[in-house]
Amino acid sequence: MTPDLMEAGAQRFEKAAQAAVLGQTESGGRSAGYGRIAKAGEVDTTHGRILYLEDVHVSFDGFKAINGLNLDIAPGELRCIIGPNGAGKTTMMDIITGKTRPDQGSVFFGSTIDLLRHREAEIAALGIGRKFQKPTVFEQLSVFENLELALATDKRVRHSMVFTLTGEEKDRLAEVLTTIHLADSASRQAGLLSHGQKEWLEIGMLLMQDPKLLLLDEPVAGMTDEETARTAELFLTLKGKHSLMVVEHDMSFIRAISEKVTVLCDGSVLAEGTLDEVQADERVIEVYLGR
Amino acid sequence: QETIKVGVLHSLSGTMAISETVLKDVALMAIDEINAKGGVLGKKLEPVVVDPASNWPLFAEKAKQLIDQDKVAAVFGCWTSVSRKSVLPVFEEKNSLLFYPVQYEGEELSKNVFYTGAAPNQQAIPAVEYLMSKDGGSAKRWVLLGTDYVYPRTTNKILRAFLKAKGVKDEDIMEEYTPFGHSDYQTIIANIKKFASAGKKTAVVSTINGDSNVPFYKELGNAGLSAKDVPVVAFSVGEEELRGVDTKPLVGHLAAWNYFMSIKNPANAEFTKKWAAYAKAKNIAGHKDKPLTNDPMEATYIGINMWAQAVAKAKSTDTDKVIAAMAGQTFKAPGGFTSTMDKENHHLHKPVFIGEIKADGQFNVVWKTPGPVVADPWSDYIAENKGKKNVAMAK
Amino acid sequence: MTTQAISPSVALPQAGPLLTRPGWSAFIVALLLVCALAPVLNLLVPEDSAFHLSGYMVGLLGKIMCYAICALAMDLIWGYTGILSLGHGLFFALGGYVMGMYLMRQIGRDGNYKSDLPDFMVFLDWKELPWHWALSDSFFATLLFIVLVPGVVAFVFGYFAFRSRIKGVYFSIITQALTFAALLLFFRNETGMGGNNGFTDFKRILGLPIATPGMRMTLFVVTGLTLLGFYLFARWLVGSKFGRVLQAVRDAESRVMFCGYNPLPYKLTIWTISAVMCGVAGALYVPQVGIINPGEMSTAASIEMAVWAAVGGRATLVGPIAGAFIVNGAKSWLTVAFPEFWLYFLGALFIAVTLWMPQGVVGLVKKLRGGKA
Amino acid sequence: MMRWLRSCCALLCLMGAASVHALTPADALALVEGDGDARIATLNRLAAKPDDQAQALMKALADGAVKVLGQQVLIVADDGSTTDATTGAAVAQNDEAQDVIVNNRMRGALEAALAVRQLFGSDVGAQRDAAKLLQRAAFEEPDATQIPLIEKALAGALDDQARDSLDLALAAMQLAAEDDAKRLSAAKALGEKSRPTLRPLLLQRLEAEANPAVKAALSAALSAIDRQLALGSALSQAFTGISLGSILLLAALGLAITYGLMGVINMAHGELIMIGAYATWAVQVFFRNSLPGLFDWYLLAALPVAFLTSALVGAAMERSVIRFLYGRPLETLLATWGISLVLMQLVRSLFGAQNVGVENPSWMSGNITLLGNLTLPWNRLIIIAFAAAVLLGVTLLIARTRLGLFVRGVTQNRPIASCMGVNTARIDTYAFALGSGIAGLAGCALSQIGNVGPDLGQNYIVDSFMVVVLGGVGQLAGTVYAALGLGLLNKLLEGWTGAVLAKIAVLIFIIVFIQKRPQGIFAMKGRNAEA
Amino acid sequence: MLEVKDVNQYYGGSHILRNVNLRAELGQVTVVLGRNGVGKTTLLKSLMGLVPIKSGGITFNGQPIDKATPYERARAGMGFVPQGREIFARLTVLENLQMGLAYKPGGTPIPAELFELFPVLKQMLGRRGGDLSGGQQQQLAIARALAAGPKLLILDEPTEGIQPNIIKDIGKVIRMLADRGDMAIVLVEQYYDFAEALADQYVVMERGEVIASGPGSEMQAKDIRQLVAI
Ligand SMILES: Nc1ncnc2c1ncn2[C@@H]1O[C@H](COP(=O)(O)OP(=O)(O)OP(=O)(O)O)[C@@H](O)[C@H]1O
Ligand SMILES: Nc1ncnc2c1ncn2[C@@H]1O[C@H](COP(=O)(O)OP(=O)(O)OP(=O)(O)O)[C@@H](O)[C@H]1O
Ligand SMILES: NC(N)=O
Ligand SMILES: [Mg+2]
Ligand SMILES: [Mg+2]
């Protein structure tokens, strides 16, 4: 450990101890392995994990949608998740983002933040962004305003009343607009976009949000091959700085971006490895890829 | 030709339309009649009808409009006390005239208002006295039942004081209120039964507001509480309200008013006949098939006629002159007595009738005062009124 | 985030000014109408002149301007945030009652009973002022409470409702339940607010007689200025990012959360602002119409506020104001011109607006203009 | 009144056999005019000497069919023909004739006078009524002097029910007997029957009683009555709650379809109820004028008429306005608000602003009395059953039929349903007409318990929405729970706090409950719920 | 079978479809390709009558249908799988399928072969459509459109969100249906390889216009993939 890291660690510890005295622990004082005292607003990735799910279970009216799921993602990793329809991929994202409460299990962001103790907005503010399987944008607002709202900034009421875009932020907006091919439609109402355009806009919003961890549910569904390729490129540039979890059924897309692939089936992990490894896995071929 | 405008300010829509619409019609009939006789001061009366829509602030606005824009000489209108309270400052400010035709709780006297309906002592107190009498069933225990608003509250306050003065104890009085538009009287009726089962003869004094009466009486009838067990005397139930009720189970329950349609005398025969003809001619829904008259209609009719007489006497429509001329005006009312406008307190001297409901929805008069009663708007049964004179003064 | 070069061709939409140039011109005209023309026409032009503005008209316009404030408030919460309140009548009435209490105290001993207590208390058996009347004789406290009472009620109610994520009709219905409960409460004699008669027969405000043309004009001007002020305020609010978040909440609340916004404080803020605006409108209304009673809390009264906003055009700011003037103006005229038929016209107006002017009157005007251009 | 009854009885006993006395004009006049006490004295005198003419006059008086013309007393027959009360001679009708005042006191005396005679008559029904009258009198103010009369009646041929009543009357009178044994057996007899109306008498006796055995028997009788009363009042409270719930349910069921399923915020729902009530009234008027013999069954004819009338109005609303507003629920609020104003005013113009009268048919009037203080009015019982029937019908229709499936499908996704081959326009009209028709049925039921006037609907619209929303929009089962729950809660609180506070408390309960369940009792579960 | 002639369509002021021509024949799969937002979905919606066309004509079986309502078109034998699944979220899977049989007489059974095609549906008959996973919903949407046995099947991106082996199955089904010879199929697809493999005819759209069309066998030769990718 380098001296400055030690220094940083010491400082962090001090602040955390202070916060603990004041009762402001992010983990609520849980002392699971990953439940160390945290400093608010900072994701502790010292364990080499930005996301960690352990033994998660969810059932709906007796149907076990998630069944003993264990998964972790490293900082900067681009993880692909594949698996049959109904395997529980979307449900897993629902759990991570606070939309669904698991019946059992733990979900940590970094090693200190217990996501089960936070609400959707807090989780988003912590730095987890999500693109939904079905594109959801603010239909009555313009494309530009959609992006502006997603912009990472102070999101409290007082601030938003007096908010104006800085030049830098404007540049960011313009850049993202170009990236998502909607520069011409900046002042168009988002509700009037086509399906694919909405998907792009949603990705753009995610980019504006600048999250630490991006959850992308079928990002290239409904895109042409060319656009799919572009998206792959985009994701590859994001990886490293951000952690990504991508759910897709498009194998060529997965091939273009993947390093590590997890196969989910019936609510738990069926296989994990490089794309070639899992593609060779008989069970994966059986339930998912087909012969 | 020059006309004299008069305002008619009754709700033709909203919750009060049910009661007030017919007052507008009877006012128009009275005006037609006066015009047929040549009008007043040689001029025809021109009615200005507006609809304040059962909305109290709108009453004030419409009153202003009638006075300011239309320059009416007098306004005939209002039913609820709150509507009157709403317009009162307008009439006082503009020094204009309002004729108010409905029985009310008193506690008010304005120089600019003539009250042609009953004050509590012209309705409520005689009714209770009657029930205490042998003929009324010698009631000893009392249920004061009303809709939760000012008229019932005040009336019941006066009645409670009156009953106490007559030696009735507090435990022999039950006071119950229901919200406006209440339509489920099961519990209340059960409570009345319970209260009545304590042995002593019980009577109910109902100040239930018009709309809730039908469900109340229907429940009463079906629960088998007959007039012989527990008589109910009501102050807001007249011929119009009973139109909506199957009256067979209610025979014998009572109402107190200053007029009943069933009163037999030539003046009333003429009045009811005129009304029937008018309703037919004007195609007034409901009344064209089954013409009914009631107390506030009579009061409206008296009010307009007295005002016309007063204008004729004063030879002017000037408010102050008309007020002066109103004092002591008399009119041969359909109720069979000559009603006199009090010289001072702006209320009519009115006879009081007590009627029992008949199977046909009319009232059988079982008791009446020997002659007209002078109104006591500042009831002596309210302590704060001690020493208050029943004299209307400008404020 | 990406390292791509910024393409210079991207033209970002500019944030608009508070008002456009014609907007400012119209605003100034309105300001002049309220502050100069109306007083002159009412007070200086002789009564028999064709240009005289009658006292009745002043009262009517004043009343409608109060309604316009309500419509504006309604629009902020409904048009922009997508929360339909069927309970704004309550806030209006609360503001009105606070003002009414003050005005009742101003009567002093000039009431019927020459008592320190308001008349209704005297004859309904109150022996002393109930606790909630404590500061009612102070004008300053009254001003404070006009804002605080509706504000706090709205805040507390809103906090719990929004925290429980009550949405859509569920929210609408509980606001209706709230108003209805308050209506019943205020009807009761025990509440000490004058029962169904409420408060009337006001005599003075700030010690000055209330029923004079001068005072009436003063109230009119104050109301007009308040309306214009609220209009600017609302403009600023919806033009800010705050306003856009509100619209985003309306369109997709869960997405807003996933963008990192906590919708609760946003909804609560606009809800409370809207309630306070209604309260202020109520407080201005009472001295002008001369009565406040629980009728203002009836469900129909609250629904009507929504109707004004819808007729004028939701999610625009001029719309609700126009709507309040159109509906109430029509009502005032029709109840006199066609006392027996006016409900047909009004009913038909509502139906016609929904069928043929989904964007309200403002939307229609825009369309006509757009068509020509 | 009871005193007069007693004196009649006594007199009757003394007289034994009837001697015939003709009714004199003076007596007749004294019976119909003058001061109450004097008239009643005359009545007793006449009643004591049963005479056919006097009897006829008394009966006519009780029926309110007597007039006076100067000094002449006239009896008016049903057909309007008039006869002289004393001579029986026909008299020409004369408008000058005055109605005779018969007040409650007089009416009571008349009934008693007529009743006692009937105790010894042969008409079983009259006998029973007379015995009941005597029993009541005995409970209120037992008078030992009547014992001989009762014993005499009991000795004669008597209907069983009448005998029961008289037995109890006798026991009540014997409670004050000198003989301890007699008192004891009387107390026991009364204890067995435990009639709540006995309570005041028992209390009174208990105070006066010295003998411990009798005292114990009296207390036992009292506590039996109290137990019964407690049970009765609990059951009665439950009944009133269920009854209110059934009304709420009926009012809300139609809305559960038009709003819950179709998403139309139908502010004119109340007016559709009102139209159903007016349709019922119209059918009633028709029966009264054209089919008086079948009048009692008008309600059965009114049901389909009310349903169809409201359904047609609903269909017209849907075709002309609402269909253009699907997917814009809040706009439907505005438009239907306008429609409701128009409908109300239309009814005012057509039928007048005042209420119209709807009578209960005879089979819906009156009540059955259980446990003394548990009276169940027929109209309420029948409405509860009716509500259950309508609920069953609607449930089956929605859940089990193709029409129901299409309605649900169309209301969820109109364009796609039409791509599946569903004639969405027609289904929409049917569904809205169905909801409206059910509102009409509710109006028909409500006409039997409350006002029928232009404002009828306004009283139910708020409650209907509360019920549907509290139950969970689109959840029929939730609507049922909400209606019954609110009905019971309201009645429970009302017994406790009075009607006004109860209503306030119920509203606050709704507010709080929604906090706990932001989607109503039966929240839509699953992932689509938030969409 | 289906013939689209010079169809023009607008949303408000913007011209979405410009003189589009298209034919679909029995036993053939006609593939429509094009980038996002070029108007493919709009074209299909016009075919179903969900959006009105401004000018041009559509005939089905020789009958002009441009004035017909969607349900009349469905009854005439057009089946539709919309983009974004659009299943009835609050109806069960079974009820969704029954909706697919809406214009058949009551009591018509759901064809058993649907369950062979999509076994997962059989397991989930009682579950609400909205609770299904995205891919399950897509399968349901296809099954629903097939239930009544349409003569023309219109599919808008049916592979979106579906797992690879089922995509293959869907491809086989489409091929099989076409090969039976009693059904015409119009397929909008972004998944180029899938589209190319199935296409008997192809149409490429760009900004609301048809810019290329021809028999499927020529796609490779003409490098249509490049055309779509621009
Ligand atoms: N609320 C719910 N009620 C019942 N079942 C549910 C619910 N939510 C999800 N499920 C079931 O849980 C399983 C997992 O669903 P999920 O949406 O997570 O699948 P997925 O892996 O995202 O599939 P796809 O690739 O098709 O999107 C599915 O079988 C689905 O039907
Ligand atoms: N309701 C609407 N109002 C106005 N414009 C619309 C509307 N719906 C779609 N559009 C526009 O019409 C164009 C064509 O849309 P369409 O949905 O047909 O595209 P598509 O080819 O299906 O695209 P995708 O592949 O993304 O589904 C797009 O530019 C879209 O923005
Ligand atoms: N004055 C009345 N009846 O309110
Ligand atoms: Mg999924
Ligand atoms: Mg598309």
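Chain letters run A, B, ... following the sequence lines, proteins first, then strands; residues in each count from 1.
With a threshold of 4.5 angstrom between heavy atoms, D/Gln237 does not approach chain B through any atom at all. For D/Asn103, the parts sitting under 4.5 Å from any heavy atom of chain B are the backbone and the side chain alike. Residue B/Asp360: no heavy atom, backbone or side chain, is found under 4.5 Å from chain D. When heavy atoms are compared at a cutoff of 4.5 Å, B/Pro249 does not approach chain D at all. Using a 4.5 Å cut-off between heavy atoms, B/Val365 touches chain D through its backbone atoms (N, CA, C, O) alone. Looking at B/Thr187, both its backbone and its side chain come within 4.5 Å of chain D, counting heavy atoms on both sides. Within the 4.5 angstrom heavy-atom criterion, no atom of D/Met106 approaches chain B. When heavy atoms are compared at a cutoff of 4.5 Å, D/Asn490 does not approach chain B at all. Of the atoms belonging to B/Asp184, heavy atoms from both backbone and side chain fall under 4.5 Å from chain D. With a 4.5 Å cut-off on non-hydrogen atoms, D/Thr369 does not touch chain B at all. Looking at B/Leu12, only its backbone comes within 4.5 Å of chain D, counting heavy atoms on both sides. Looking at D/Val100, the atoms closer than 4.5 Å to chain B (heavy atoms on both sides) all sit in the backbone: N, CA, C or O.
Contacts with chain B were tallied for D/Ile449, D/Thr375, D/Leu501; D/Ile449 has the most, counting heavy-atom pairs under 4.5 Å. Per-residue heavy-atom pair counts under 4.5 Å with chain B were compared for D/Asn459, D/Asn379, D/Ile247, and the maximum is reached by D/Asn379. Most heavy-atom pairs under 4.5 Å with chain D, from the set B/Ala190, B/Ala227, B/Gly361, B/Ala359: that is B/Ala227. Ranked by heavy-atom pairs under 4.5 Å with chain B, the list D/Pro377, D/Gly36, D/Pro454, D/Gly450 is led by D/Gly450.
With contacts defined as side-chain heavy-atom distances shorter than 4.5 Å, the pair B/Lys218/D/Gln448 does not qualify. The shortest side-chain heavy-atom distance between B/His182 and D/Lys503 does not fall under the 4.5 Å cut-off. With a 4.5 Å cut-off on side-chain heavy atoms, B/Val251 and D/Arg107 count as touching.
When all heavy atoms of B/Ala17 and D/Arg348 are compared, the pair lying nearest together is CB-NE, 3.7 Å. The minimum heavy-atom distance between B/Gly252 and D/Asn104, with the atom names listed, is O-ND2, 2.9 Å. Heavy atoms only, all atoms of each residue included: D/Asp37 and B/Lys134 are closest at OD2-NZ, 3.0 Å.
Summarising the geometry, atom CE belonging to D/Met344 is positioned 8.5 Å from atom OG belonging to B/Ser13; distances are rounded to the nearest 0.5 Å. In this structure, the separation between NZ on B/Lys368 and CD1 on D/Ile101 is 6.5 Å, given to the nearest 0.5 Å.
Annotation for D/Lys132: atom NZ does not count as buried by contact number, only 12 or fewer foreign heavy atoms lying within 6.0 Å. For D/Trp496, the CH2 atom sits in a loose shell: 12 or fewer heavy atoms of surrounding residues, nucleotides or ligands are nearer than 6.0 Å.
With sequence neighbours excluded, the residues that form a side-chain contact (heavy atoms from CB on, under 4.5 Å) with B/Lys282 are B/Asp32, B/Tyr278, B/Ile284.
Classification of B/Asp135 and D/Arg39 as a salt-bridged pair fails, no side-chain N sitting under 4.0 Å from a carboxylate O.
Put simply, the side chain of B/Asn222 gets close to the backbone of D/Gly366: a donor and an acceptor are under 3.5 Å apart.
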Please tabulate, for the side chains in residues 349-359 of chain D, all donor-acceptor contacts under 3.5 angstrom to protein atoms that are two or more places apart in sequence or on a different chain.
residue, atom, partner, partner atom, Å
D/Ser349, OG, C/Tyr344, OH, 2.8
D/Ser349, OG, D/Gln345, O, 3.0
D/Gln354, NE2, B/Ala285, O, 3.3
D/Asn355, ND2, D/Asn451, OD1, 2.9
D/Glu359, OE1, B/Lys248, NZ, 3.0
D/Glu359, OE2, D/Arg288, NH2, 2.8

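Defined by atom type and a distance below 3.5 Å, a donor-acceptor pair is missing between the side-chain atoms of D/Ser233 and B/Lys194.
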